[in-house]
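Below is one structure; the comments refer to it alone.
Both ligands and their constituent atoms are indexed starting at 1 by order of listing.
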Amino acid sequence: MPVLAVVGAQWGDEGKGRVVDWLARRADVVVRFQGGDNAGHTVVNEHGLFKLHMVPSGIFRPEVSCIIGAGCVVHPQALLGELAELQAQGIDTGNLWIDERAHLVMPWHLLLDGIEESGRSARDQIGTTRRGIGPCYTDKAARRGIRAGDLLRPELLRARVTAAARWHDIMLRHFGQPEIDVEAVLARCAAEAEALGGRIVDTTLRLEQAQDGGATILLEGQLGVMRDLEWGIYPFVTSSSPTAAYAPAGSGLGAGAVDEAIGVVKAYSTSVGGGPFPTELLDATGERLRSIGGEFGATTGRPRRCGWLDAVALRYAVRRNGLSSLVLTKLDVLDDFAEIAVAEAYSLDGARIDRVPTTDDQWRAEPVYEWLPGWQAPTKAVRTWDALPAAAQAYVRAVEAMAGVPISHVSVGPERDAILEVPR
Ligand code: GDP
Ligand code: IMO
Ligand code: MG
């Protein structure tokens with residue numbers, strides 16, 4: 001029946017992976033539509049605990065086709081490592097496909113990501129994952145990228161790798177790096193083609209067949225709107241578009257294909273990397289959120305910056321994505337707090353604003369908080385909405401009112417059964 005886009009409604013790490021793993025029980029196809037192995041999507045299920053980077057979170061169900069869409073960038077070695085890990089944990093990865101149009105993260109992209117990041121001043125640091133994402137998308141836009149399908153055409157690959165190496169050598173030489181060894185790169189590509197070749201296909205046929213057959217298709221986003229290339233805190237953003245509007249583009253579906261865009265939002269805020277973050281708490285409360293919530297990056301292990309929920313950013317996420325509902329995760333992390341704040345507006349140079357301002361102004365935006373009573377009772381074992389403490393229910397309803405769209409589910413733990421339906 002439907003095509004659902006599942007996207008991050010904050011700065012990433014909202015719990016998209018676990019929501020997709022859970023929704024996949026009713027899906028036929030899951031497509032990752034953008035980003036690369038900068039993602040860290042944690043899934044906890046009966047098979048164990050997994051940190052997925054490139055593989056769609058539907059992989060735990062062998063009947064679900066998993067597609068790495070054309071909008072993604074793929075580091076073949078990293079993907080092979082991830083597949084090997086999954087297989088070692090008993091997961092059948094036979095149903096993973098890579099669109100031939102997806103771009104490849106090449107060795108020079110990783111080098112350039114590091115070089116560029118090291119050259120930025122403390123305030124300008126994006127804090128990238130150093131996975132080569134920005135330089136790879138740069139090459140895609142500059143039309144000198146190498147695509148997954150090129151791996152299957154040795155002559156074309158040789159020409160494109162040679163041309164790309166020639167170009168990048170100019171910059172790498174400037175930074176004192178050795179010349180790219182084209183033959184070594186091609187040898188590595190040959191091994192990658194051997195290992196991944198059978199999975200590299202034109203995925204549009206499969207998707208069309210799925211659509212025509214009335215299949216349920218999930219489009220899995222990476223990161224969140226606040227780090228979207230267009231709509232995020234530019235330049236502290238990733239180099240692709242994690243918003244739901246891009247989901248059909250990166251997957252190969254048409255503009256009207258998405259029936260519903262579901263936003264995943266944490267019960268508080270976190271951000272990894274640089275840039276403004278108005279509700280950031282640099283005090284003991286922030287530290288408490290980090291330690292209770294286990295807020296350390298799934299990809300880089302970096303401590304995540306933590307703060308109260310930002311309803312200004314959440315409303316922005318609802319509009320920029322066209323969200324029709326939200327899944328609110330990590331409610332249990334707030335169990336011990338006597339009072340919980342939500343930023344319902346900002347104060348900017350003394351004036352109250354209730355919209356997300358430009359990045360430059362966000363540095364000076366001060367949160368205007370509404371304080372809500374905590375519940376100070378454990379919720380981790382709760383399995384129905386009715387069994388949640390009244391103050392926890394009230395918190396969810398308050399967030400829903402501020403967001404302007406229904407919260408369909410809340411989660412109180414990372415496991416599949418810790419997702420509770422919120423009554424209408
Ligand atoms: P993603 O990148 O959006 O998929 O999110 P991450 O996996 O990077 O970060 C979410 C983290 O929160 C993971 O460690 C999840 O296991 C964990 N998590 C997700 N939902 C819940 C929840 O409801 N409660 C708790 N305590 N942890 C959760
Ligand atoms: P998931 O999918 C949180 C951040 C980086 C950096 C900026 C750009 O797990 O939510 P990049 O490597 O993409 O060039 O870095 O984006 N970032 C993430 N933050 N979760 C992620 O993925 C992220 N992927 C990138 O910290 O600030
Ligand atoms: Mg993550």
Side-chain angles (χ1 to χ4, degrees), residues 6-22 32-45 49-54 56-57 72-73 75 105 109-110 112-114 116-117 120 124-138 220-229 232-240 242 263-268 270-277 289 292-305 327-335 378-380 382 409-420:
V6 181
V7 297
Q10 294 167 303
W11 293 258
D13 303 327
E14 299 89 349
K16 298 171 292 292
R18 66 86 46 98
V19 170
V20 170
D21 169 64
W22 171 74
R32 250 293 291 281
F33 63 84
Q34 45 74 232
D37 65 342
N38 48 346
H41 292 178
T42 313
V43 174
V44 179
N45 59 28
L49 183 150
F50 302 87
K51 292 192 186 298
L52 299 173
H53 299 289
M54 192 75 251
S57 303
C72 293
V73 293
H75 187 285
V105 178
H109 295 141
L110 296 165
L112 287 168
D113 198 354
E116 284 183 51
E117 192 64 7
R120 293 185 182 108
D124 291 339
Q125 290 266 318
I126 298 170
T128 76
T129 56
R130 299 191 180 223
R131 299 294 165 111
I133 306 301
C136 184
Y137 277 111
T138 301
E220 177 178 3
Q222 186 261 326
L223 248 181
V225 62
M226 298 310 288
R227 294 211 190 261
D228 179 277
L229 183 57
I233 47 174
Y234 192 89
F236 305 96
V237 293
T238 196
S239 297
S240 67
V264 184
V265 55
K266 223 177 260 196
Y268 50 97
T270 64
S271 170
V272 199
F277 183 37
L289 285 169
I292 301 172
E295 296 297 353
F296 297 87
T299 296
T300 57
R302 288 178 290 177
R304 294 175 179 152
R305 300 159 72 190
V327 175
L328 184 80
T329 61
K330 303 192 95 161
L331 188 65
D332 56 299
V333 174
L334 301 180
D335 282 353
T379 61
K380 266 191 179 305
V382 169
H409 294 83
V410 297
S411 73
V412 290
E415 308 81 11
R416 276 182 182 166
D417 68 348
I419 297 190
L420 323 179

With no hydrogens and no angle check, just 3.5 Å: does a side-chain donor-acceptor pair link Asp21 and Ser57? no
Within the structure, is a non-hydrogen atom of Gly8 found at a distance of less than 4.0 Å from ligand 2? no
Could you go through the side chain to side chain contact (heavy atoms under 4.5 Å, CB included) check for Val43 and Leu52 one step at a time? CA-CA 8 Å; Val43 174; Leu52 299 173; 4.2 Å; yes
Does Arg131 have a heavy atom less than 4.0 Å from any atom of ligand 2? no
If the cut-off is 2.8 Å, does any N/O/S atom of Leu223 fall short of it from the Mg ion (ligand 3)? no
Here the gap from Arg305 atom CZ to Leu289 atom CG, rounded to the nearest 0.5 Å, amounts to 14.5 Å
Intermediate values then yes/no, salt bridge (charged side-chain N to carboxylate O under 4.0 Å, His left out), Lys266 and Asp13: CA-CA 8 Å; Lys266 223 177 260 196; Asp13 303 327; 5.6 Å; no
Heavy atoms of Gly413 and Ala418 approach each other most closely as O-CB, 3.4 Å
For Glu14, counting its heavy atoms only, list the atoms of ligand 1 lying under 4.0 Å from any of them. 3 (O), 5 (O)
Checking the side chain of Glu117 only, and the main-chain atoms of Gly127 only, is there a donor and an acceptor separated by less than 3.5 Å? yes
Calculate, to the nearest 0.5 Å, the distance between atoms OG1 and CG belonging to Thr379 and Leu420 respectively. 8.5 Å
Decide whether Thr329 and Arg18 meet the rule of one side-chain donor and one side-chain acceptor closer than 3.5 Å. no
Look at atom 5 (C) of ligand 2 and say which protein heavy atom is nearest, naming residue and atom and giving the distance to 0.1 Å. Gly127 O, 3.4 Å
Distance, nearest 0.5 Å, that separates NZ of Lys51 from OG1 of Thr299: 8.5 Å
Where is the nearest protein heavy atom to atom 12 (O) of ligand 2: which residue, which atom, and how far? Thr129 OG1, 2.5 Å
Ligand 1 versus Thr42: contacting region, heavy-atom distance under 4.0 Å: both
For atom 15 (O) of ligand 2, find the nearest protein heavy atom and state the residue, atom name and distance (0.1 Å precision). Thr128 CA, 3.4 Å
Which bit of Val264 gets closer than 4.0 Å to ligand 1, counting heavy atoms only: side chain, backbone, both or neither? neither
Gly134 N/O to ligand 2 N/O under 3.5 Å: no
Within 4.0 Å of some non-hydrogen atom of Gly17, the atoms of ligand 1 are 4 (O)
Output for pair (Thr128 OG1, Glu116 CD), nearest 0.5 Å, gives 8.5 Å
Would Gln10 and Thr270 count as a side chain to side chain contact (heavy atoms under 4.5 Å, CB included) here? Give the steps. CA-CA 8 Å; Gln10 294 167 303; Thr270 64; over 6 Å; no
At the 4.0 Å heavy-atom cut-off, does Ser239 count as touching ligand 2? no
Is there a heavy atom of Arg302 sitting under 4.0 angstrom from any atom of ligand 2? yes
Any idea which protein heavy atom is nearest atom 23 (O) of ligand 1, and the distance to it? Ser411 OG, 2.4 Å
N/O donor-acceptor pair under 3.5 Å between Arg32 side chain and His53 backbone: yes
Looking only at N/O atoms, are Ile126 and ligand 2 under 3.5 Å apart anywhere? yes
For atom 25 (C) of ligand 2, which candidate among Val264, Thr238, Leu223, Thr299 holds the nearest heavy atom? Leu223
So, Asp37 side chain and Met54 main chain: donor-acceptor pair closer than 3.5 Å or not? no
At what distance is the nearest protein heavy atom to atom 19 (C) of ligand 1, and which residue and atom is it? Arg18 NH1, 3.7 Å
Taking atom 26 (O) of ligand 2 as the reference point, the nearest protein heavy atom with its distance: Val272 O, 2.8 Å
Does ligand 2 have a heavy atom under 4.0 Å from the side chain of Phe236, from its backbone, from both, or from neither? neither
Please confirm whether Arg304 comes under 4.0 Å of ligand 1, counting heavy atoms of the residue only. yes
In Å and rounded to the nearest 0.5 Å, what is the SG to CD distance from Cys72 to Gln34? 7.0 Å
Does some non-hydrogen atom of Lys16 fall short of 4.0 Å from ligand 2? yes
Ligand 1 to Lys380, heavy atom cutoff 4.0 Å, flagged ligand atoms 26 (N)
Can you check whether Leu331 has an N/O within less than 3.5 Å of an N/O in ligand 1? no
Do Thr300 and Arg302 meet the criterion of a side-chain donor-acceptor pair at a distance under 3.5 Å? yes
So, Ser271 versus Arg227: side-chain donor-acceptor pair below 3.5 Å or not? yes
Could you identify the single nearest non-hydrogen protein atom to atom 16 (O) of ligand 2 and state the distance to 0.1 Å? Arg227 CD, 3.3 Å
Please state which protein non-hydrogen atom is closest to atom 22 (O) of ligand 2 and give its distance, to 0.1 Å? Gln222 NE2, 3.1 Å
Heavy-atom contact check, 4.0 Å cutoff: does Val237 meet ligand 2? yes
4.5 Å side-chain heavy-atom contact, Ile233 and Trp11: yes
Using a 4.5 Å cut-off on heavy atoms from C-beta on, say whether the side chain of Trp22 contacts that of Val6. no
Which residue and heavy atom of the protein sit nearest atom 24 (N) of ligand 1, plus the separation: Asp332 OD1, 2.8 Å
Suppose you place the vertex at the Mg ion (ligand 3); what is the angle out to Gly40 O and Asp13 OD1, to 10°? 160°
Report, in ascending order of atom number, the atoms of ligand 2 lying under 4.0 Å from any heavy atom of Gly273. 26 (O), 27 (O)
Tell me the nearest of Ala39, Gly40, Ala298 to atom 8 (O) of ligand 1, using heavy-atom distances. Gly40
Ligand 1 to Thr329 polar contact by distance, N or O atoms, under 3.5 Å: no
Atom 3 (C) of ligand 2: the protein heavy-atom neighbour that sits closest, reported with distance to 0.1 Å: Asp13 OD2, 3.1 Å
Please classify the Lys330 to ligand 1 contact at 4.0 Å (heavy-atom distances, strictly less than): side chain, backbone, both or neither. both
Can you find a non-hydrogen atom of Gly413 under 4.0 Å from ligand 1? yes
Would you mind telling me if ligand 1 is within reach of the side chain of Glu220, the backbone, both or neither, using heavy atoms under 4.0 Å? neither
The closest protein heavy-atom partner of atom 10 (C) of ligand 1 is Asp13 O, 3.7 Å
Contact with ligand 1 for Lys51, non-hydrogen, under 4.0 angstrom: no
Gap between atom NZ of Lys330 and atom CD1 of Ile292 - 0.5 Å precision: 11.0 Å
N or O pair under 3.5 Å between His41 and ligand 2: yes
Whether Tyr234 side chain and Asp228 backbone form a donor-acceptor pair below 3.5 Å: no
